[in-house]
Amino acid sequence: MAADESAPAAVVTAAEIARLARVTRAAVSNWRRRHPDFPRPAAGSATSPLFALAEVQQWLDRQGKAREPSAEVDLWHELRAQYGDDLLTALGAVSAQLLGTAAEQPLAEPAVTALTALSTERGAHALYADLVERCIASTTRSGGEPMTTLALERIVSVFTGATDDAAGASDRTIGTVYDPACGIGTLLLTAVPGAHRYGQELNPATAAIAEFRARLDGRAATVACGDSLRKDAFPDLRADLVVCDPPVGVADWGRDDLLLDPRWELGVPPRSESELAWVQHCYAHTAPGGRALLVLPSSVAYRRAGRRIRAELVRRGLLASVVALPPGLMSSHSQSVHLWILRRPAQGDPAPTHIRMIDLSTADPDSIGIGVKDCAPTPEQIADVPPVDILDDDVDLSPGRYVTAHHGDYPVEYAALRDRIQNLARDLLDLLPELPAGPGLIEAAPMGLGDLVRGGLVDLDGTEPTSRTDQLDTDYLRGFLRSATNTRRSTTASGTLRLNASGAQLPQMDIGRQREYGEAFRRLAAFEELLREAAAIGDRVGALAYDGLTKGALLPPSATSASSGKSESQEAQDQ
């Protein structure tokens, strides 16, 4: 019998690809970015893509990854076993081992053996880059110390290196790069060839990692330790390019001690506006003709306390562009952020006629920034705004205020979105499982997640725990870890949800019963994902309806009926 060509092909998620290849989800993200022949998504959404299983298996076979055990994952487990959530100390110990220097907490022997083998096979540079990426991904999941994500680094890299005016860039040669809050060096090491880099970081261990990364990359760098606002290590430095992802919401940033500081060219920042202190610090270190790029919370663009400094930025022509970026780019929160691009005019530069506002807030955070084309806005996402239009009582620098979404046909788009909402409502009901009443208590002995991790049965790398054995269902595992009891254990005093591997527990069950629970949890997870998609579409259709109604492109139902009735009455009179 011939195969049914109309039958849908099997598809898999990124997490399922990771389990298939015995790697982490971070590794799958690397493959998608680094290998142009990696299969393109066949279904799903931008945030939850699905891939054709047959194409994935063929690609894994070609790459020799299908059944290859992951020594990287084993090394990472050794590091997690020794250092727990203190991943910066783990990275520092790895760098010390690779350099042959002493570390306060040196690697244990199993980790040394694995590291030596991997660095010989892959090279120290590639291996350490992957470990850094795993550290950032793990920190993002666990709510640890904020770090600049690699997705954000890619975006900043595009806007620093592009020559397109839409990105606020120039073709000026960049000889020096400066990052006053460099962390582990992610933005400091952004792709600018031949430049000398200067960085400052408050945490000595973090600064050491940044310096080691620069050495591995073969980049000339000077990294100082200390607080850039209170004790500037490079007071005379004027860099061609300044990049910064500064700490946010810091109340005690040193204002009382810095009231007469010469860096405040635009005015002394209010106590509640630490971000505007970093803006002026970065601008003070920008050479004539140079640029400064800062990643800032979107609220900095409109908070009332900062309007005087924002007005000075606009009035003096120092702000070249503001780019609204999509949610999901930060490790410490899921809110959207802005990229501010400042310029220090060189002698003879003409006065700017506009500030370029770019709205990329609806872009896919997983793919934006992979190349220049991914950051290139469409004409509808750009507004060149004269300064006089910004200098009102609010001095609001939010791109969304000036960039108006373009809709070619309001009625057609609204009808399509409304139909999509109707289909989603049906799909949501189908996904939500019917759950009969239970006895109220699961009679099964508990087992600790920490024991499963130490036994090599569960992988905590990536965004969620993953089973490494066919005797433990991943979805059953993840579902029970979301129980009220485990959630309470994993919530810190500040309200942050951080998985408590040592305290989390789940009931022991045979694999068949696990899969029954796993299927229910899978459907619930799919329900939640679809519900988020429905909410996003609901926001779009609502905004479209308001915009269309207020512009006259759409009519309310009563007006439509009245219009139709009048037409029929007029026809009757004509006859």
Side-chain angles (χ1 to χ4, degrees), residues 146 148 152 168 179-181 202 227-232 242-286 291-325 327 329-330 332-344 352 354-359 361 383 385-403 494-495:
T148 301
L152 185 59
D179 185 344
L202 185 62
D227 185 332
S228 291
L229 293 183
R230 284 188 168 93
K231 192 174 181 180
D232 190 353
V242 180
V243 291
C244 190
D245 177 12
V248 300
V250 179
D252 183 18
W253 53 268
R255 183 182 189 273
D256 292 344
D257 299 326
L258 301 170
L259 290 174
L260 301 179
D261 197 287
R263 290 173 292 182
W264 313 144
E265 297 182 40
L266 311 177
V268 179
R271 192 180 307 278
S272 60
E273 295 287 339
S274 63
E275 294 86 1
L276 292 179
W278 286 100
V279 167
Q280 295 196 75
H281 173 86
C282 289
Y283 182 72
H285 282 279
T286 304
R291 288 170 291 130
L293 285 79
L294 292 96
V295 179
L296 299 171
S298 56
S299 58
V300 180
Y302 59 79
R303 287 196 301 241
R304 190 162 184 80
R307 67 188 187 281
R308 184 167 62 87
I309 291 176
R310 295 197 301 271
E312 287 301 306
L313 277 172
V314 173
R315 191 175 290 114
R316 299 187 189 190
L318 310 182
L319 185 65
S321 182
V322 179
V323 185
L325 299 174
L329 292 173
M330 307 300 289
S332 56
H333 60 79
S334 59
Q335 303 304 310
S336 59
V337 292
H338 290 169
L339 179 65
W340 287 24
I341 303 176
L342 281 62
R343 60 183 161 213
R344 181 178 285 275
H354 65 268
I355 295 172
R356 176 152 288 189
M357 297 291 182
I358 303 175
D359 191 353
S361 59
V385 185
V388 68
D389 291 350
I390 299 175
L391 292 171
D392 55 15
D393 290 340
D394 298 323
V395 196
D396 191 339
L397 302 180
S398 305
R401 179 170 180 170
Y402 307 97
V403 179
S494 63

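Nothing here was measured: the structure is a model prediction, and the numbers come from that model.
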With a 3.5 Å distance limit and no angle check, can you tell me whether [X] reaches the backbone of [Y] through a side-chain donor-acceptor pair?
{"X": "Arg310", "Y": "Val300", "answer": "yes"}
{"X": "Glu312", "Y": "Leu318", "answer": "no"}
{"X": "Ser321", "Y": "Arg356", "answer": "yes"}
{"X": "Gln280", "Y": "Glu265", "answer": "yes"}
{"X": "Trp253", "Y": "Trp278", "answer": "no"}

So Cys282 and Cys244, do their side chains get closer than 4.5 Å, heavy atoms only?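 In short, these two side chains touch, coming nearer than 4.5 Å.
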Report yes if some heavy atom in the side chain of Glu275 is under 4.5 Å from a heavy atom in the side chain of Pro297; otherwise report no.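 They are in contact (side-chain heavy atoms under 4.5 Å apart), so the answer is yes.
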Using the side-chain hydrogen bond (donor to acceptor under 3.5 Å, both in side chains) criterion, which residues pair with [X]? Sequence neighbours excluded.
{"X": "His281", "answer": "Tyr178, Arg263"}
{"X": "Thr286", "answer": "none"}
{"X": "Asp257", "answer": "none"}

In chain order, what residues pass the side-chain contact (heavy atoms from CB on, under 4.5 Å) check against Leu342, with sequence neighbours excluded?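 side-chain contact (heavy atoms from CB on, under 4.5 Å) check on Leu342 returns Val279, Tyr283, Ala292, Leu294, Leu313, Leu319, Trp340.
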Mind checking what makes side-chain contact (heavy atoms from CB on, under 4.5 Å) contact with Pro270, not counting sequence neighbours?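 Ser272, Glu273, Ala305, Ile309.
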Qualifying residue, where the test is side chain to side chain contact (heavy atoms under 4.5 Å, CB included) with Asp245 and the options are Asp179, Leu296, Leu293, Thr148: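 When side chain to side chain contact (heavy atoms under 4.5 Å, CB included) is applied between Asp245 and each of Asp179, Leu296, Leu293, Thr148, only Thr148 qualifies.
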Spacing of Ile358 atom CD1 and Leu339 atom CG [to the nearest 0.5 Å]: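 The CG atom of Leu339 is 9.0 Å from CD1 of Ile358, to the nearest 0.5 Å.
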If you count heavy atoms of other groups shown closer than 6.0 angstrom to [atom1] of [X], is the number above 12?
{"X": "Arg230", "atom1": "CZ", "value": "yes"}
{"X": "Asp393", "atom1": "CG", "value": "no"}
{"X": "Leu259", "atom1": "CG", "value": "yes"}

Using the side chain to side chain contact (heavy atoms under 4.5 Å, CB included) rule, take Arg255 and Ser274 through it: C-alpha gap first, then chi angles, then the decisive distance, then the call. CA-CA 9 Å; Arg255 183 182 189 273; Ser274 63; over 6 Å; no
By salt bridge (Lys or Arg N to Asp or Glu O under 4.0 Å) - contacts of Arg401 (at least two apart):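 Asp392, Asp394, Asp396.
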